[in-house]
Colleague: 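Pasting a structure here, questions to come.
Reckoned from all heavy atoms, side chains included, excluding hydrogens, waters and symmetry mates. To find a chain, count down the sequence lines: A is the first, B the second, and so on, and within it residues start at 1.
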Amino acid sequence: MLDYKAKFFEKTSDPMLLPQIRCLKGNHYGAAFELMKILPAKFMLDEAERTGQLTSGTTVAESSSGTFALGLAILCAERGYKLIIVGDEAIDNGLKNRLLDLGTQLEIVPNTNAPGGIQKARLDRLQKHLKTEEKSFWPQQYKNKMNPRSYFYAAEKIVECLGKIDYLIATVGSGGSSQGLASALRVINPDMELIGADSLNSKIFGREDGKRLLRGLGSSIYPENVDYELFDQIHWMDCAEGFYSCRLLHKKHQMFMGPTSGVAYMVGKWVAEQHSDAKVLSVLPDSGHRYINTAYDDEWLQKNGILTRTIPEPVHIHAPMEKTVPWCYYDWNKQTLEQVIGAQAA
Amino acid sequence: MQPDFSPSYALSIQPEINDFIEKREAGSASARTHFGEYLQASYTDLPEATDRAAISVPILNYEDALCVERSLILQNESHRYVSEIPIAKTGSKAHFKHTDGQSIKINMSHCVKSQKAAELTLDYINKSEVRGEITLKREVPEGHGLGTSTSDVLATIYAVADSLCCKLTNAEAASLALQAEGACDAIMYSRAGLFITTKCTFLEYYDTAYPKALIIGLATDNAGQTVDTLSLPPKEYSFEERQTLDLLRKAARNAFYKEDLKLLGQVSTQSALINQRFLPKDNLGEVIKIADNNAAQGVVCAHSGTVLGLIYDMNDVMTSDRVKTLRQDLESIGVQEFLRYYSA
């Protein structure tokens with residue numbers, strides 16, 4: 001649009017909605033978000049306002065220990081909604097302090113090893129708040145269809161800069177960005193391959209749940225927003241390699257991003273090397289500020305026994321649970337979760 | 001805040017003048033037409049549209065400056081915009097001969113818009129006392145969404161002006177055409193853009209020409225029907241459709257700047273699919289399959305008409321074998337006739 005009025009942003013969240021598109025090397029590009037989750041958060045709130053679920057005086061309540069909580073906190077502060085975030089002890093101090101600054105009511109649920117685990121304890125606490133508040137709205141990022149739809153907006157910027165994408169690498173947590181970006185970019189290139197990047201101890205793509213030091217991708221549940229039939233290939237990476245990749249992205253390209261971005265970068269780098277004539281895009285979901293005392297601190301990495309100085313070649317596996325190596329990949333070939341798990345059991 | 005167009009800047013660059021017109025004897029002019037549109041969608045310029053700051057279109061000449069001024073009045077309204085595929089050397093030819101009669105006459109009596117356009121043009125150049133006869137000749141059938149109405153009107157406007165040795169700029173002609181018919185296609189401009197027909201202004205204007213393409217025009221089963229473009233109701237797109245159309249708009253921007261006909265072909269196919277529910281074309285699905293199998297860049301439709309076409313790169317060598325296969329494929333879905341058009 002030819003418009004000379006909008007030279008400045010009216011809200012802090014406005015410039016955070018779209019990624020910066022950066023050429024990393026030759027045919028490999030990165031779409032770098034400062035805080036990607038603010039985009040789905042905005043679309044969920046907008047939709048709730050449109051449909052009347054969210055009006056002045058409504059309390060927004062959500063269960064999250066990560067960047068989705070921060071995105072909601074910024075938007076709710078901008079719009080004047082009260083926000084209750086139910087998290088667990090995994091929430092780091094930096095995030096906790098930012099949420100409190102933004103006026104969020106933060107509820108930390110202790111891990112008591114009760115049946116159903118911490119996820120259930122958090123949801124129970126959330127339900128209690130949703131019932132006691134006079135008017136409440138629960139965005140539900142794992143279910144809300146506005147989560148994937150919001151990424152059409154980010155895809156606009158990607159196609160404007162790059163045109164057709166041949167390989168998209170998206171880390172998978174709630175499933176929103178992978179589903180939304182892949183659906184949007186396949187409008188422009190129906191043959192685009194979607195490559196999901198997950199954490200080794202994540203349940204999403206048929207592996208066993210376990211402790212995950214690298215947060216922001218992977219899950220202990222099967223999120224409804226993960227559209228399994230969109231994926232062509234899945235990569236699993238262990239946390240040490242993820243942290244190292246994130247540092248490499250910083251050292252080589254001066255991009256100060258989080259470890260989730262590191263995983264997407266490393267997988268993308270490998271794919272771009274395999275297909276030198278294809279355009280490869282890695283989605284980099286958040287900046288490095290939250291990880292200054294962890295991923296960016298060698299002492300912390302050493303103390304946790306995850307300081308690595310090499311990245312191995314990825315191992316091609318034929319079932320998600322076939323091997324546990326630092327980095328492996330499986331040709332998902334647009335199957336359903338049931339098909340993959342069924343084949344694995346047989 | 002008004003844009004700063006200092007007079008020295010505006011005057012230092014000559015406007016493009018009537019670059020598509022073939023001149024013959026005085027009082028004659030022609031105007032090209034278009035074969036459907038790469039994209040048709042609606043755009044609502046909302047105050048919260050955060051992408052506006054990221055967009056810049058270089059101001060190249062005086063006519064661009066006019067576009068900017070007009071675009072400032074678009075805010076908070078919803079507008080249908082199009083990116084048409086102009087066709088070289090086909091369209092309407094008009095001749096205006098001065099007579100001593102009482103009124104302005106026209107050889108095609110139903111072309112009242114052209115008649116009105118002639119009167120408006122004479123008014124505009126302060127020669128309202130002139131009378132004459134308009135002879136219109138057309139190379140494309142009307143009522144298929146191929147822009148015959150605008151090409152008639154524009155050819156008439158230029159012919160009338162030419163008969164009085166007057167040269168109109170594209171913007172002047174566009175403004176007269178808009179008054180005459182209530183909407184106007186973008187065929188007078190040689191550079192690519194997204195055009196709001198009812199405002200006769202560009203939503204986006206690019207620094208590139210339309211990519212050279214060969215269009216294989218097909219007559220679909222319902223091509224016998226004709227459509228009165230201006231009587232079509234406004235299209236109400238769903239939230240999902242609007243999202244996809246916004247995506248296509250950005251893809252078109254990339255495609256025009258990089259002269260990427262393949263990407264533009266994909267935009268065109270998707271636009272045809274989304275708009276299919278408003279004015280269905282028979283065989284669209286089959287034609288898309290045939291386009292894929294025959295290495296076409298995409299499928300184009302007349303969004304407010306009935307015809308479909310296949311988009312080919314002009315540099316693509318169409319061997320006789322390829323033409324034969326294409327002909328067989330098209331005949332298998334009942335398309336007997338097709339015509340070649342060259343975009344320009």
Colleague: Below 4.5 Å, heavy atoms only, C-beta onward: do B:E240 and A:R149 meet side chain to side chain?
Modeller: yes
Colleague: Nearest 0.5 Å, what's the CG-CD distance between B:L248 and A:E156?
Modeller: 9.5 Å
Colleague: Please classify the contact between B:A251 and chain A as side chain, backbone, both or neither, with a heavy-atom cut-off of under 4.5 Å.
Modeller: both
Colleague: Are there over 12 heavy-atom neighbours, none belonging to B:E236, within less than 6.0 Å of that residue's CD?
Modeller: no
Colleague: Output all residues satisfying side-chain contact (heavy atoms from CB on, under 4.5 Å) with A:A278, sequence neighbours left out; order by chain, then residue number.
Modeller: A:D166, A:Y167, A:H275
Colleague: Between A:N189 and B:L263, is there a side-chain heavy-atom distance shorter than 4.5 Å?
Modeller: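 Not touching, per the 4.5 Å side-chain cut-off.
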Colleague: Need one label for A:L162: side chain, backbone, both or neither, based on atoms under 4.5 Å from any heavy atom in chain B.
Modeller: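 For A:L162, the contact with chain B is made by the backbone alone.
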Colleague: When rounded to the nearest 0.5 angstrom, what distance separates CD1 in A:I158 from NZ in B:K250?
Modeller: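 Taking CD1 in A:I158 and NZ in B:K250, the distance rounds to 11.5 Å.
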Colleague: A:C161 and B:K258: which non-hydrogen atoms are nearest, and at how many Å?
Modeller: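 The answer is O-NZ, 3.1 Å.
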Colleague: Using a cut-off of 6.0 Å, state whether more than 12 heavy atoms not belonging to A:H253 lie near its atom NE2.
Modeller: yes
Colleague: Is there any side chain to side chain donor-acceptor pair (under 3.5 Å) pair reaching into residues 169-180 of chain A, and which pairs are they, with sequence neighbours excluded?
Modeller: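 Residue pairs with at least one partner in residues 169-180 of chain A: A:N147-A:S174.
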Colleague: At a heavy-atom separation under 4.5 Å, does B:D246 approach chain A through its side chain, its backbone, both, or neither?
Modeller: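 For B:D246, backbone and side chain are both near chain A.
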Colleague: Of all heavy-atom pairs between A:F152 and B:T244, which one has the smallest distance, and what is that distance?
Modeller: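 Between these two residues, the closest heavy atoms are CE2-OG1, 3.8 Å.
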Colleague: Under a 3.5 Å distance rule, please check whether B:Q243 uses its side chain to pair with a backbone N or O of A:Y153 as donor and acceptor.
Modeller: no
Colleague: What's the spacing between A:R50 CZ and B:F239 CZ if we round to 0.5 Å?
Modeller: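 The distance works out to 5.5 Å.
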Colleague: Heavy-atom count around A:R186 CZ within 6.0 Å, excluding the residue itself: above 12?
Modeller: yes
Colleague: Measuring from atom NZ of B:K262 to atom NZ of A:K164, what distance do you get when rounded to the nearest 0.5 angstrom?
Modeller: 4.5 Å
Colleague: Tell me whether A:K135 at atom NZ has more than 12 heavy atoms from other residues, nucleotides or ligands lying less than 6.0 Å away.
Modeller: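 Correct, the count exceeds 12.
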Colleague: Dump the intermediate steps for side-chain contact (heavy atoms from CB on, under 4.5 Å) on A:V159 and B:N254, then the final yes or no.
Modeller: CA-CA 7 Å; A:V159 300; B:N254 180 291; over 6 Å; no
